[in-house]
Colleague: 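The structure under discussion is supplied below as structure tokens; questions concerning it will follow.
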Amino acid sequence: MTITNITLAQLRVLTMIVEDASFSTAATRIGMTQSGASQAMRSLEGVLGVKLLVRGKNGVFPTEIGQAVLQDARDAVLAIERIQQRSAAASGAQTGRLRIGSVASAVERLLPQILARFQRLFPGVELVLLEGTDHEVLEWVETAVVDVGLTSEQSAETVGDVVLEDDFVFLAACDHPLAATARVKLCDLADENFIMSGSGCEPVIRQLFASVNISPKVVLTVRDTAALVEMVSQGIGVTLMPELSTPEGDARVCRIPIVPCVQRRLLVVSLARANRSPAAEKFVQLLAP
């Protein structure tokens, strides 16, 4: 086997299929037919002499050796894309693809204006946006599923810059007894039915309660922010969430500062700065406070 037996198209197909867990969806994103994507995978597996993907009830997934090959495939695809982007930038053009992972609050409140500005400045760059929890976004960055991520988490494998800091606030239905309070003390929530956010803030929230020796009376855990707010508005319970995550203009719920005040830091994270593509670097610059 020689390196010329493996093509960039084959590696791109492999990474896309795993990301989408689907041959058809991946093929559409790449601009191929489903049969073309299947043929590319058969050719790659034939060259390597191993089975890379298997079909399951919920889609297509990498085998053990496929998972090991996947990271190298992503690295190769990203390296070629960086070469293409840097060459295009040197000639005065910006092209390529920018993959962004983000927590829901940033998708709803921060990214629309940033992405609109990015598109105006660099219309030749394709944008791909994935939404997940803080931990999921960090994992996507670490495994090169995305080029950059907006999350409150960081690791030894990543570098990060603070995009903004926002306070955690108390959220309750407007007819709740604490709704008229100027500030809510965490100790006042000991007996409240609490709805826990499952989108990534749970560890921080539990640390907040632990700091005042309280264990919240969790009656429900909800991952989707909109669903969580709906539950709060119906009086099922109260919650804590970063202010950026709270709904604007929803008169059914009230937002009240908490004591002690705690901030969440939202970071833009990536692998080593030197490995950022030109598109990723431009995006990070637009996020600078």
Colleague: If you compare all heavy atoms of Thr15 against all heavy atoms of Arg12, which two are closest, and at what distance to 0.1 Å?
Modeller: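 Shortest heavy-atom contact: OG1-O, 2.9 Å.
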Colleague: Could you walk me through whether Leu189 and Leu240 pass the side chain to side chain contact (heavy atoms under 4.5 Å, CB included) test, one step at a time?
Modeller: CA-CA 10 Å; Leu189 305 183; Leu240 299 176; 4.2 Å; yes
Colleague: Is there a side-chain contact between Phe170 and Leu186, using heavy atoms and a 4.5 Å cut-off?
Modeller: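 Phe170 does not reach Leu186 side chain to side chain.
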Colleague: Around Gln285, counting heavy atoms of other residues, nucleotides and ligands shown, do more than 12 lie under 6.0 Å from its CD?
Modeller: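 Result for CD/Gln285: enclosed.
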Colleague: Could you state the interatomic distance from CG (Leu208) to CD1 (Ile214), rounded to the nearest 0.5 Å?
Modeller: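 If we round to the nearest 0.5 Å, Leu208:CG and Ile214:CD1 are 10.5 Å apart.
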Colleague: Side-chain heavy atoms nearer than 4.5 Å, only ILVMFWY residues, links allowed to pass through others: does that put Val204 and Leu267 together?
Modeller: no
Colleague: Would you kindly confirm whether Val128 and Leu286 end up in one hydrophobic cluster when ILVMFWY residues are joined by side chain heavy atoms under 4.5 Å apart?
Modeller: no
Colleague: Name all pairs fulfilling the salt bridge (charged side-chain N to carboxylate O under 4.0 Å, His left out) condition that reach into residues 101-130, sequence neighbours left out, sorted by first residue then second.
Modeller: Arg97-Glu126, Arg109-Glu248
Colleague: Identify the two heavy atoms, one from Arg273 and one from Gly160, that lie closest to each other, and give their separation to 0.1 Å.
Modeller: NH2-O, 3.8 Å
Colleague: Looking at every non-hydrogen atom in both residues, tell me the closest pair between Ala190 and Lys217 and how far apart they are.
Modeller: O-CB, 4.4 Å
Colleague: Run the numbers on Val269 and Thr151 for side chain to side chain contact (heavy atoms under 4.5 Å, CB included), then give the verdict.
Modeller: CA-CA 7 Å; Val269 299; Thr151 173; 3.7 Å; yes
Colleague: Please identify each residue that fulfils salt bridge (Lys or Arg N to Asp or Glu O under 4.0 Å) with Arg276, with sequence neighbours left out.
Modeller: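 Residues passing salt bridge (Lys or Arg N to Asp or Glu O under 4.0 Å) with Arg276: Asp161, Glu281.
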Colleague: With no hydrogens and no angle check, do the side chains of Glu157 and Ser155 hold a donor and an acceptor under 3.5 Å apart?
Modeller: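 Yes, because at least one side-chain N or O of Glu157 sits under 3.5 Å from a partner of the opposite role on Ser155.
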Colleague: Any heavy-atom pair between the side chains of Ser102 and Leu111 that's under 4.5 Å?
Modeller: yes
Colleague: May I ask you to decide if Val169's main-chain N or O and Asp167's side chain share a donor-acceptor pair within less than 3.5 Å?
Modeller: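 Pair absent, no side-chain N/O of Asp167 close to backbone of Val169.
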Colleague: Give every residue pair that meets the ring-ring contact (aromatic ring centres under 6.0 Å, His included) criterion with at least one member in residues 18-55, sequence neighbours excluded.
Modeller: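 Non-adjacent pairs meeting ring-ring contact (aromatic ring centres under 6.0 Å, His included): zero.
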Colleague: Do Leu110 and Phe283 land in one hydrophobic cluster if side-chain heavy atoms of ILVMFWY residues count as linked below 4.5 Å?
Modeller: yes
Colleague: Could you list all the salt bridge (charged side-chain N to carboxylate O under 4.0 Å, His left out) pairs where at least one residue sits in residues 176-202, not counting sequence neighbours?
Modeller: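 For residues 176-202, and leaving out neighbouring residues, the salt bridge (charged side-chain N to carboxylate O under 4.0 Å, His left out) pairs sorted by first residue read Glu202-Arg206.
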Colleague: Do the side-chain N and O atoms of Ser43 and Gln39 include a donor-acceptor pair separated by under 3.5 angstrom?
Modeller: yes
Colleague: Which pairs with one or both residues in residues 191-246 pass ring-ring contact (aromatic ring centres under 6.0 Å, His included), sequence neighbours excluded?
Modeller: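 Only Phe194-Phe209 qualify under ring-ring contact (aromatic ring centres under 6.0 Å, His included).
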Colleague: Are the side chains of Leu287 and Leu164 in touch, meaning some heavy atoms are under 4.5 Å apart?
Modeller: no
Colleague: Identify, with sequence neighbours excluded, every residue that meets side-chain hydrogen bond (donor to acceptor under 3.5 Å, both in side chains) alongside Glu165.
Modeller: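 Testing Glu165 for side-chain hydrogen bond (donor to acceptor under 3.5 Å, both in side chains), a comparison that skips the adjacent residues, returns none.
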Colleague: Check whether any side-chain heavy atom of Leu14 sits under 4.5 Å from a side-chain heavy atom of Leu53, and report yes or no.
Modeller: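 In short, these two side chains touch, coming nearer than 4.5 Å.
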Colleague: Would you say Arg264 and Ser105 make side-chain contact, with heavy atoms under 4.5 Å?
Modeller: yes
Colleague: Test: salt bridge (charged side-chain N to carboxylate O under 4.0 Å, His left out). Region: residues 237-247. Which pairs qualify, not counting sequence neighbours?
Modeller: none
Colleague: With Thr225, which residues qualify under side-chain hydrogen bond (donor to acceptor under 3.5 Å, both in side chains), at least two apart?
Modeller: none
Colleague: Using residues 60-77 as the side-chain source, report each donor-acceptor pair under 3.5 Å to any protein atom, sequence neighbours left out, with the distance given to one decimal.
Modeller:
| unit_1 | atom_1 | unit_2 | atom_2 | d |
| --- | --- | --- | --- | --- |
| Thr63 | OG1 | Lys51 | O | 2.6 |
| Thr63 | OG1 | Leu52 | O | 3.4 |
| Thr63 | OG1 | Gly66 | N | 3.0 |
| Gln71 | NE2 | Asp75 | OD1 | 3.2 |
| Gln71 | NE2 | Thr143 | O | 3.4 |
| Arg74 | NH1 | Thr143 | O | 3.3 |

Colleague: Quick one: do Val159 and Val137 end up in the same hydrophobic cluster if we chain Ile, Leu, Val, Met, Phe, Trp and Tyr together by side-chain heavy atoms under 4.5 Å apart?
Modeller: no
Colleague: Within a strict 4.5 Å, meaning less than it, do heavy atoms of the Glu142 and Thr158 side chains meet?
Modeller: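 Yes, their side chains come closer than 4.5 Å.
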Colleague: Please report the C-alpha distance between Leu121 and Lys282 in whole Å, then the side-chain angles of each, then the deciding distance to 0.1 Å, and finally whether the side chain to side chain contact (heavy atoms under 4.5 Å, CB included) criterion is met.
Modeller: CA-CA 10 Å; Leu121 293 173; Lys282 297 293 185 182; over 6 Å; no
Colleague: Looking only at heavy atoms, which two atoms of Cys254 and Ala179 are closest? And how far apart?
Modeller: SG-CB, 3.6 Å
Colleague: Is Glu153 reaching over with its side chain to a backbone N or O of Thr133, donor-acceptor style, under 3.5 angstrom?
Modeller: no
Colleague: Tell me the salt bridge (charged side-chain N to carboxylate O under 4.0 Å, His left out) pairs involving residues 127-140, sequence neighbours left out?
Modeller: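 Every salt bridge (charged side-chain N to carboxylate O under 4.0 Å, His left out) pair that includes a residue of residues 127-140, provided the two are not neighbours, is Glu136-Arg223.
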Colleague: Which pair of heavy atoms, one from Ile256 and one from Ala182, lies closest together, and at what distance?
Modeller: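 Heavy atoms of Ile256 and Ala182 come nearest at CG2-O, 3.4 Å.
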Colleague: Is a donor on one side and an acceptor on the other found under 3.5 Å between the side chain of Asp147 and the backbone of Ala280?
Modeller: no
Colleague: Looking at side-chain heavy atoms only, is the closest gap between Val47 and Ile6 below 4.5 Å?
Modeller: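 SC-SC contact between Val47 and Ile6 confirmed.
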Colleague: Is any side-chain heavy atom of Ile100 closer than 4.5 Å to a side-chain heavy atom of Leu115?
Modeller: yes
Colleague: Would you list the pairs meeting ring-ring contact (aromatic ring centres under 6.0 Å, His included) in which at least one residue belongs to residues 100-121, sequence neighbours left out?
Modeller: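 Every pair satisfying ring-ring contact (aromatic ring centres under 6.0 Å, His included) with a residue in residues 100-121: Phe118-Phe122.
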Colleague: Clusters formed by hydrophobic residues whose side-chain heavy atoms approach within less than 4.5 Å: which one holds Val253, and what are its other members?
Modeller: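 Direct or chained contacts put Val253 with Leu171, Ile195, Val219, Leu220, Val222, Leu228, Val229, Met231, Val232, Ile236, Met241.
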Colleague: Rounded at 0.5 Å granularity, tell me how far CD in Gln263 sits from OG in Ser152.
Modeller: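 Between Gln263 CD and Ser152 OG, I get 13.0 Å after rounding to 0.5 Å.
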Colleague: Which pair of heavy atoms, one from Ala279 and one from Val125, lies closest together, and at what distance?
Modeller: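 Closest approach of Ala279 to Val125, heavy atoms only: CB-CG1, 4.1 Å.
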Colleague: Does one hydrophobic cluster hold both Leu271 and Leu138, with members joined at side-chain heavy-atom distances below 4.5 Å?
Modeller: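 They do not share one cluster, since no chain of ILVMFWY contacts under 4.5 Å joins Leu271 to Leu138.
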